[in-house]
Amino acid sequence: MMFWLAIPVTVLFYLLTRKLARRWHNLLINPILIPALLVIGLLLATNTDPSEYEAGVKPLSLLLELTVVAFALPLYQQAAKIRSRLKPILLCCGLSVVISVGTTLLIGGMIHADPSLLASVSTKSVTTPLAMSVSESMGGIPAIAAGLVIIVGMMGAIAGFPILRLAGIHHPEAQGLAMGASAHAIGTGAAAEAGNVQGAFASLAMVVCGVMTALLAPPLFYLYLWLTG
């Protein structure tokens, strides 16, 4: 039964949450977080196999892939700005990756975390397929990497813009870069809702940080193992 109801239930949860979010303007009423929790609760209450639900929402997953590709449009619209600021953009994205991976390894070393756990956690700020692939190449656990990516993305979508405003960061390009670099695809979706400029620069940061993480995370991880070994 859940197979046939998967899409209507998912869409209904999303639309209801969006309506509540527009009415109440509360950070906790997030169109990604709340529907996800409701779906999990429904699966547990009905004792439904998650694979059955996954099969039911396959058409939505295909549409999601097309939506990700559609992020290329705001990038094209902001191409002139991106070209004029390419060097600082690359520098910001590179520093973001080094800080994200470096602080993870530093804190992990302080608490003597297992290397496999560190390999799984260090890719938390990039999109799920990349995080799983890179963490696995370092001996991490892909399932943990995927779970952390989702958690980090939701946290970024909920609290990202309020934190940026609190820090006095109001420039749309800077906001977009910060959201894409820290909260990957989920943060990019939130940035796209804030404006075309934020969405374009978030898309760019998501892609650049993903590539840089794949290049920089393994050397940093193995350097950590060498220094602590």
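Basis for what follows: all heavy atoms, side chains included, without hydrogens, waters or symmetry-related copies.
Considering all non-hydrogen atoms of both residues, Val126 and Gly210 come closest at CG1-CA, 3.9 Å. The shortest non-hydrogen separation linking Thr48 to Thr46 is OG1-OG1, 2.6 Å. Contact record, Ala146 with Thr128: CB-CG2, 3.8 Å, taken as the closest heavy-atom pair. Looking at every heavy atom in both residues, Met179 comes nearest to Ala190 through CE-CB, 4.1 Å. For Ala145 against Ser135, the heavy-atom pair with the smallest separation is CB-OG, 3.5 Å. Residues Pro50 and Leu43 share a closest heavy-atom pair of CA-CD1, 4.4 Å.
The 12-atom threshold is exceeded at CD of Glu193, counting heavy atoms of other residues, nucleotides or ligands nearer than 6.0 Å. Other residues, nucleotides and ligands place more than 12 heavy atoms under 6.0 Å from the CG atom of Asp114. With a 6.0 Å radius and a threshold of 12 heavy atoms from other residues, nucleotides or ligands, Met154 has its CE atom above the threshold.
Using a 4.5 Å heavy-atom cutoff, the side chains of Thr104 and Lys124 are in contact. Looking at Ile82 and Leu204, their side chains come closer than 4.5 Å, going by heavy atoms from C-beta outward. In this structure, the side chains of Ser182 and Val152 stay at 4.5 Å or more apart for every pair of heavy atoms. Residues His184 and Leu130 fail the side-chain proximity criterion, which asks for heavy atoms closer than 4.5 Å. Side-chain contact between Val121 and Leu117: present, with at least one pair of heavy atoms (C-beta onward) separated by less than 4.5 Å. At a threshold of 4.5 Å between non-hydrogen side-chain atoms, the residues Leu177 and Ile89 count as touching. Taking 4.5 Å as the limit, every side-chain heavy atom of Asn30 sits out of range of all side-chain heavy atoms of Thr17. The side-chain heavy atoms of Thr10 and Tyr53, taken from C-beta on, include a pair separated by under 4.5 Å.
Without hydrogens or angle criteria, Ser133 side chain to Pro129 main chain gives no donor-acceptor distance under 3.5 Å. A donor-acceptor contact shorter than 3.5 Å links the side chain of Ser120 to the backbone of Ser116. Side chain of Ser203 to main chain of Gly199: a donor-acceptor pair is present (N/O by atom type, distance under 3.5 Å, no hydrogens or angles). The closest donor-acceptor contact from the side chain of Thr103 to the backbone of Ile99 lies under 3.5 Å.
Taking CZ of Arg165 as the start and CD1 of Ile163 as the end, the distance is 10.5 Å to the nearest 0.5 Å. Rounded to the nearest 0.5 angstrom, Phe161 CZ and Gln198 CD are separated by 5.5 Å. Note that NZ of Lys81 is 6.5 Å distant from CZ of Arg85, once rounded to the nearest 0.5 Å. To the nearest 0.5 Å, the span separating CG on Leu148 from OG on Ser122 amounts to 10.0 Å. Atoms CG and OG1, from Leu118 and Thr228 in turn, are 8.5 Å apart once rounded to the nearest 0.5 Å. Here the CZ-CG distance, from Phe201 to Asn196, works out to 12.0 Å after rounding to the nearest 0.5 Å.
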Steps toward side-chain contact (heavy atoms from CB on, under 4.5 Å) verdict (Val208, Leu90): CA-CA 8 Å; Val208 174; Leu90 295 176; 4.0 Å; yes
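Follow the hydrophobic side-chain contacts under 4.5 Å out from Met132 and you never reach Ile144; the two are in separate clusters. Linking Ile, Leu, Val, Met, Phe, Trp and Tyr residues whenever their side-chain heavy atoms come within less than 4.5 Å places Leu38 and Ile7 in a single cluster. Taking hydrophobic clusters as Ile, Leu, Val, Met, Phe, Trp and Tyr residues chained together by side-chain heavy-atom distances below 4.5 Å, Leu5 shares a cluster with Val39. Cluster annotation: Ile34 is not connected to Leu20 through the hydrophobic network of ILVMFWY side chains, with a link wherever side-chain heavy atoms come within less than 4.5 Å. Linking Ile, Leu, Val, Met, Phe, Trp and Tyr residues whenever their side-chain heavy atoms come within less than 4.5 Å places Val98 and Phe221 in a single cluster.
When each of Gln175, Gln78, Gln77 is checked for a side-chain contact (heavy atoms from CB on, under 4.5 Å) with Val197, only Gln78 meets the rule.
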